[in-house]
Amino acid sequence: MAESDRLEVDQDLRFQQRDWTFERAGWIGILAVITAALLGFLGRGVLSDRTHEAADRSLQIEYGRFERHGAAALLEITLRRRAPGDSSVWLWIAEEYLDGVHLESIAPQPLTQRSFGEQTLYEIGLESGADSARVTVSFTPAKIGARDLRLGVAGAQPLDLSQFVYP
Amino acid sequence: MSSVLRGLAVFAVLLLIFRISGKRTLHQTTTFDFVLILIISETVQQAMIDNDNSLTNAFVLVCTLVGVNIGLSLLKRRYPRVNKLLEGTPVVVIENGTMHHDRMAKERIDREDVLHAAREQHGLRNMDEIESAVLERNGTLSIIPKKQD
């Protein structure tokens, strides 16, 4: 073949072969990320949504095991009436946890709220006749990484949970 | 979970809309096409992100969009019908020097577009020098010049 007919291409099939392998591996990686996200491993979803109840049934919480930094998140807490005559229940949440979130709202609004040592206490009113109250805490996580979530009803058994906040 | 679903929904809607808009719409970015793309991306990003400005959300969304794209390319190779559905088919608009005016009208191409492509690709001067022209699936016009004697 004459030199002028030569196809001037900088081909390197050995390199390309490795490149293709890398590409296919990347596809599997992408598929893994999508699957993890669908299952709720990277934020809200089946794997992330948890429900826990204190051993003495004083409180039940629905929360996300995996949350994302800066994305709206919720704690759905059900508080049970402690004694027949009680008109309210005191819910406490560890200060350490509250330090790592931007608290947006607590609904229904607590009757009173006070700081006590390492806890913030919220007095939640009970409707007469109802034996429990449902409280929704809206917040956005402000700290990244593993977070301890400790909360409970004053005088009852606490719940020790953990959350992971993705960047 | 919702990031993936939102990404999929936006991908599907955009695919459908661009498919409806025809081959020629975005084949070459004219000034107006550029503005159109800007406005569309600006509008769509709100729907996709939905108040979740986390890095993870962005990462998951990008993986979803790229992943769907790779998945579709594999499907298209495997099933010719899927390929036709998603990409359309090429259309011959000039055959042996005869123009198919009906097809050109349907695809919204005029004489000027054909001459433009002919000048650009082969430096042709007029219609007489064109043997065939094909509107490819990606919206470009391919010109085949008449053989020189």
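- If you measure heavy-atom distances from A/Leu42 to chain B, the contacts under 4.5 Å come from both the backbone and the side chain.
- Nearest approach of B/Gly67 to A/Ile34, heavy atoms of both residues: CA-CD1, 4.2 Å.
- Other residues, nucleotides and ligands contribute at most 12 non-hydrogen atoms within 6.0 Å of the CZ atom of A/Phe41.
- A pairwise comparison of heavy atoms in B/Cys63 and A/Ile30 identifies O-CG2, 3.4 Å as the closest pair.
- More than 12 heavy atoms of other shown residues, nucleotides or ligands fall within 6.0 angstrom of atom CD in A/Glu76.
- Neither the backbone nor the side chain of B/Asp50 comes within less than 4.5 Å of any heavy atom of chain A.
- A/Ala37 and B/Val4 make their closest contact through CB-CG2, 3.5 Å (heavy atoms, listed as atom of the first residue, atom of the second, distance).
- Atom OG1 of residue B/Thr56 and atom CD of residue A/Glu67 lie 11.0 Å apart, to the nearest 0.5 angstrom.
- Put simply, the side chain of B/Asp52 does not reach to within 4.5 Å of the side chain of A/Arg44, judged on heavy atoms.
- In the hydrophobic clustering of ILVMFWY residues, with side-chain heavy atoms under 4.5 Å counting as a link, B/Leu5 and B/Val10 come out together.
- Shown here is A/Arg114, whose CZ atom has no more than 12 heavy atoms of other residues, nucleotides or ligands within 6.0 Å.
- Looking at B/Leu8, there are no atoms closer than 4.5 Å to chain A (heavy atoms on both sides), in backbone or side chain.
- Crowding of B/Phe11 atom CZ: a count of heavy atoms from other residues, nucleotides or ligands under 6.0 Å exceeding 12.
- Contact of B/Thr64 with chain A is made through backbone and side chain together, with heavy-atom distances under 4.5 Å.
- Note: the hydrophobic cluster containing A/Val135 also contains A/Val101 (ILVMFWY, side chain heavy atoms under 4.5 Å, direct or indirect links).
- Looking at every heavy atom in both residues, A/His69 comes nearest to B/Ser54 through O-CB, 3.2 Å.
- Under a hydrophobic-cluster definition in which Ile, Leu, Val, Met, Phe, Trp and Tyr are linked whenever side-chain heavy atoms come within less than 4.5 Å, directly or via other members, B/Val82 and B/Leu15 are assigned to the same cluster.
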